[in-house]
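Here the structure comes first, spelled out in structure tokens, and everything after it is commentary.
Residue numbers start from 1 in every chain, and the chains themselves are labelled A, B, ... in the order their sequence lines are given, proteins ahead of strands.
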Amino acid sequence: MERKKIKEVLKAGQVGEKILVKGWVRTKRGSKNVQFIALNDGSTILNLQVVAEIENFKEDFLKDINSGASLAVTGELVKSKGTEQSVELNATEITIYGKADPDKYPIQPKRHTLEFLRENAHLRFRTGTFSAVFRVRHAMAFAIHNYFNFKGFYYLNTPLITASDAEGAGQMFRVTTLPANNPPMTEEGKVDFSQDFFGGSTNLTVSGQLEGELGATALGEIYTFGPTFRAENSNTTRHLSEFWMIEPEMAFYNLKDNMDLAEDFLKYLIKYALDNCIDDLEFLTKRLHQEEKNKPQAERSMDLMEKLKFVLNDKFVRCTYTEAIDILKNSKQNKKGKFHYPVEWGVDLQSEHERYLVEKHFGKPVILIDYPKDIKAFYMKMNSDNKTVAAMDVLFPQIGEIIGGSEREADYDKLLKRMTEIGVPAKSMWWYMDTRRFGSVPHSGFGLGFERLVMFMTGMGNIRDVIPFPRTPKNAEF
RNA sequence: UCCCCAAUAGCUCAGUUGGUUAGAGCGACGGACUGUUAAUCCGUAGGUCGUAGGUUCAAGUCCUACUUGGGGAGCCA
């Protein structure tokens with residue numbers, strides 16, 4: 001008999017139908033005459049209730065069916081006598097693939113903390129919460145490719161190993177085959193990377209953007225979607241050493257086109273999740289609601305589902321950096337001296353400032369543009385005031401900056417001048433400069449942190465809980 | 001990297017001004033139950049109190065260091 005996925009059985013199963021399902025036991029309960037097994041196969045957050053009449057099975061056999069055990073069940077689909085589900089499977093034959101010793105199996109049918117499950121990352125997929133999170137994560141990855149494909153963007157794979165260390169986006173992981181304990185040295189007493197695998201010092205990429213620009217200035221619109229590595233010693237709920245980033249880059253887009261794309265893109269993703277992951281989102285909403293019950297009223301946030309619809313239906317606020325500074329300066333918060341960091345034109349906005357703008361002042365996502373040139377990267381287009389650049393940051397409630405982007409400086413001389421000012425070696429980036437020497441065009445792009453998106457979509461509060469195997473300082477197990 | 005907090009049963013936690021035999025809930029196990037929904041009821045087992053040192057007649061409790069985890073900050077996506 002052909003195996004059916006539980007998702008299909010619950011959606012389209014016919015009463016009276018003989019079926020075969022396979023999956024893992026979530027819980028088992030029962031009485032003298034009958035046992036109920038909640039079976040899950042990962043195809044949906046919902047379980048299929050398997051009914052095993054005691055008289056049809058040996059007692060010892062049923063004892064081995066514990067939480068976590070894997071089964072194949074054949075039987076007849078019947079209308080449920082219970083109220084929690086419409087159909088259930090009357091088992092005629094059960095095969096146990098693998099037992100799960102209840103004394104040793106860590107995932108028991110009870111509430112576990114996320115911290116505990118993080119330490120059991122290899123088994124946490126078997127919980128409702130994490131299976132939901134990773135189904136949503138998959139749906140988002142698929143939707144991203146879908147969106148860009150529909151828009152005529154090309155998926156471009158930029159290198160993970162790079163010789164460029166001038167991107168200035170953070171500390172990098174060195175890639176080398178030189179022996180760690182006794183590397184070859186130059187006469188000056190430095191490590192001789194000319195003898196290294198690539199004939200020079202190489203690192204893991206911190207961004208595919210510069211290479212992305214090379215693609216965009218020929219293919220028109222491209223996007224990258226791949227892993228990114230930062231060797232920063234960051235210990236927060238929003239940072240990983242290895243994370244995934246989406247970086248679209250578009251020829252002939254100015255800053256406004258860039259903002260329009262970013263907003264449309266994010267809204268498409270939210271709509272996709274609502275259309276395709278509703279069971280998981282409802283489960284996650286309920287889970288979050290339970291968790292929030294323990295918090296004082298003031299700290300509780302909006303329901304996950306409400307929040308998604310709210311962002312979907314509302315237009316993002318667009319506001320210049322200069323206007324934002326004025327708002328912050330005139331805020332009660334500032335006048336009462338409640339900001340930890342001072343607000344002055346020219347300083348980088350702190351988390352507390354961003355949170356005030358998004359959560360208190362506007363109450364919706366905000367796109368901040370035209371930042372002072374000194375706090376942004378060298379490749380951003382200089383505005384006519386010569387003080388600000390055409391940067392844009394999309395700020396979301398709770399998670400802060402979800403997207404950072406800009407219109408790029410397309411003028412060769414201006415770009416070179418800026419690089420010289422900040423000390424970025426233009427010479428070794430001759431390949432990047434060539435885009436401005438030959439057929440340069442106005443172009444723009446942005447970076448979206450994939451895990452931050454998944455955090456927002458699932459309501460998970462810690463970025464380590466939305467990537468299967470998190471890499472953070474002092475943690476690379478699993 | 002900086003600041004704060006925590007580490008006690010498989011899990012989540014309580015443990016009084018330092019004082020006899022370290023507790024509860026959940027989970028597990030055994031039993032009861034005519035179909036349960038994280039079932040219910042009764043019972044049983046389960047502990048080198050994170051590690052190393054110190055103070056003391058006496059340390060789960062006080063002190064120091066380290067380790068790990070959590071929260072916040074910085075860096076950023």
Side-chain angles (χ1 to χ4, degrees), chain A residues 26-38 46-55 63 66-68 78-85 88 90 100-120 127-128 167-171 206-209 227-247 287 290 294 299 340-341 348-352 354-355 375-377 393-396 399-405 446-456 461-467 472-475 477:
Chain A
R26 281 287 166 78
T27 60
K28 185 181 70 168
R29 1 164 231 283
S31 64
K32 204 178 187 178
N33 303 321
V34 65
Q35 297 269 307
F36 301 94
I37 302 159
L46 304 169
N47 301 324
L48 177 65
Q49 172 151 287
V50 173
V51 183
E53 302 275 354
I54 300 275
E55 56 181 13
K63 274 183 184 164
N66 298 308
S67 290
V78 298
K79 195 168 180 307
S80 178
K81 291 181 199 167
T83 53
E84 303 286 306
Q85 59 279 314
E88 62 194 19
N90 236 332
D101 184 343
D103 267 346
K104 295 183 182 133
Y105 184 57
I107 314 295
Q108 288 302 329
K110 56 159 299 190
R111 231 192 95 70
H112 285 114
T113 58
L114 295 173
E115 290 81 13
F116 173 74
L117 293 169
R118 214 171 287 148
E119 285 164 19
N120 291 279
T127 64
E167 293 165 28
Q171 289 291 109
V206 292
S207 165
Q209 183 204 312
T228 309
F229 309 88
R230 304 264 167 102
E232 300 284 354
N233 193 3
S234 304
N235 293 288
T236 80
T237 51
R238 304 181 307 284
H239 290 87
L240 291 165
S241 310
E242 177 184 288
F243 64 99
W244 289 66
M245 193 154 61
I246 297 102
E247 294 180 291
R287 191 199 78 84
Q290 287 282 333
N294 303 322
E299 285 174 34
H340 210 261
Y341 291 86
D348 210 349
L349 295 180
Q350 304 294 323
S351 308
E352 59 175 354
E354 294 180 351
R355 228 178 298 133
I375 57 172
K376 286 293 179 186
D393 282 3
V394 182
L395 308 178
F396 264 29
I399 49 175
E401 185 182 338
I402 193 169
I403 278 180
F446 61 80
L448 166 71
F450 186 50
E451 282 76 19
R452 290 197 181 167
L453 172 77
V454 180
M455 282 175 84
F456 178 75
N462 192 319
I463 201 164
R464 296 163 203 182
D465 294 332
V466 299
I467 187 165
T472 51
K474 300 210 163 68
N475 178 18
E477 211 168 352

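Considering only side-chain atoms of A:R118, the nucleotide from B:rU37, B:rG69, B:rA73 that sits closest is B:rG69. The side chain of A:F116 lies closest to B:rU12, out of B:rC76, B:rU12, B:rG35. Of all nucleotides listed (B:rG71, B:rA73, B:rG35), B:rG35 comes nearest to the side chain of A:E53. You'll find that the side chain of A:Y341 is closest to B:rA73, out of B:rG30, B:rC75, B:rA73.
Both A:T113 and A:I463 lie near RNA chain B, and the one whose nearest nucleotide falls closer to the 5' end is A:T113. Between A:P102 and A:E88, the residue anchored nearer the 5' end of RNA chain B, judged by the nucleotide with its closest heavy atom, is A:P102.
Within the structure, a side-chain polar atom (N or O) of A:T237 is placed less than 4.0 Å from OP1 or OP2 of B:rG72. The side chain of A:T27 contributes an N or O atom lying less than 4.0 Å from OP1 or OP2 of B:rA39. Contact check, A:N235 against B:rA73: no side-chain N or O comes under 4.0 Å of OP1 or OP2. Within the structure, every side-chain polar atom (N or O) of A:R464 is placed at least 4.0 Å from both OP1 and OP2 of B:rG69. Proximity of A:R29 to the phosphate of B:rA39: a side-chain N or O atom is located under 4.0 Å from OP1 or OP2.
The residue A:E115 sits close only to the backbone: its heavy atoms come under 4.0 Å of sugar-phosphate atoms, none of a base. Contacts of A:S67 with the nucleic acid, taken as non-hydrogen atoms under 4.0 Å apart, are absent. Across all strands shown, A:F456 has no heavy atoms under 4.0 Å from either base or sugar-phosphate atoms. Looking at heavy-atom distances under 4.0 Å, A:N233 makes contact with a base. At a threshold of 4.0 angstrom between heavy atoms, the contacts of A:K474 are confined to the sugar-phosphate backbone, with no base atom among them. In this structure, A:F36 reaches the bases: a heavy-atom distance under 4.0 Å links it to at least one base atom across the strands shown. Residue A:L240 is in base contact, counting any heavy-atom pair closer than 4.0 Å across all strands shown. Using a 4.0 Å heavy-atom cutoff across all strands shown, A:R238 reaches at least one base atom of the nucleic acid. Here A:R287 lies out of heavy-atom contact (under 4.0 Å) with every strand.
The base-pairing partner of B:rC62, taking Watson-Crick or G-U wobble contacts with both distances under 3.5 Å, is B:rG54. Pairing of B:rC11, defined by two Watson-Crick or G-U wobble distances under 3.5 Å, is identified with B:rG25. With a cut-off of 3.5 Å on both pairing distances, the Watson-Crick or G-U wobble partner of B:rA73 is B:rU1.
Going from atom CG of A:D393 over to atom C1' of B:rC75 covers 14 Å, rounded to whole Å. To the nearest angstrom, P of B:rC76 lies 10 Å from CD of A:Q350. Atom CD in A:Q108 sits about 14 Å away from atom C1' in B:rU12, given to the nearest Å. Remark: C1' of B:rU12 and CG of A:L117 are 12 Å apart, rounded to the nearest angstrom. In this structure, OH of A:Y105 is placed 22 Å from P of B:rC26, rounded to the nearest angstrom. Between A:H340 atom NE2 and B:rC4 atom P the separation is 13 Å, expressed in whole Å. A straight line from NZ of A:K104 to C1' of B:rC29 spans 14 Å, rounded to a whole angstrom. Between A:Q35 atom CD and B:rU37 atom P the separation is 14 Å, expressed in whole Å.
With hydrogens and angles ignored, a donor-acceptor pair closer than 3.5 Å exists between the side chain of A:S234 and the base of B:rC75. Side-chain to base pairing of A:N47 with B:rU37: no donor and acceptor N or O lie closer than 3.5 Å to each other. For A:Q49 and B:rU36, a side-chain-to-base donor-acceptor distance below 3.5 Å is present, hydrogens and geometry of angles not being considered. Checked by distance alone, A:K110 brings a side-chain donor or acceptor within 3.5 Å of a matching partner on the base of B:rC11. In the interface, the side chain of A:H112 is not paired with the base of B:rC11 through any donor and acceptor atom under 3.5 Å apart.
When side chains are defined from C-beta on, A:D465 counts as touching A:R118, because their heavy atoms get closer than 4.5 Å. At least one side-chain heavy atom of A:L240 sits under 4.5 Å from a side-chain heavy atom of A:E451. Using a 4.5 Å heavy-atom cutoff, the side chains of A:L395 and A:I402 are not in contact. At least one side-chain heavy atom of A:P473 sits less than 4.5 Å from a side-chain heavy atom of A:S241. Between A:E88 and A:V78 the shortest side-chain heavy-atom distance falls below 4.5 Å. The shortest distance between side-chain heavy atoms of A:L117 and A:T127 falls below 4.5 Å.
The pair A:K376-A:D348 does not count as a salt bridge, with every side-chain nitrogen at least 4.0 angstrom from each carboxylate oxygen.
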After noting the C-alpha distance and the side-chain angles of A:T228 and A:E242, does the key distance pass the side-chain hydrogen bond (donor to acceptor under 3.5 Å, both in side chains) rule? CA-CA 6 Å; A:T228 309; A:E242 177 184 288; over 6 Å; no
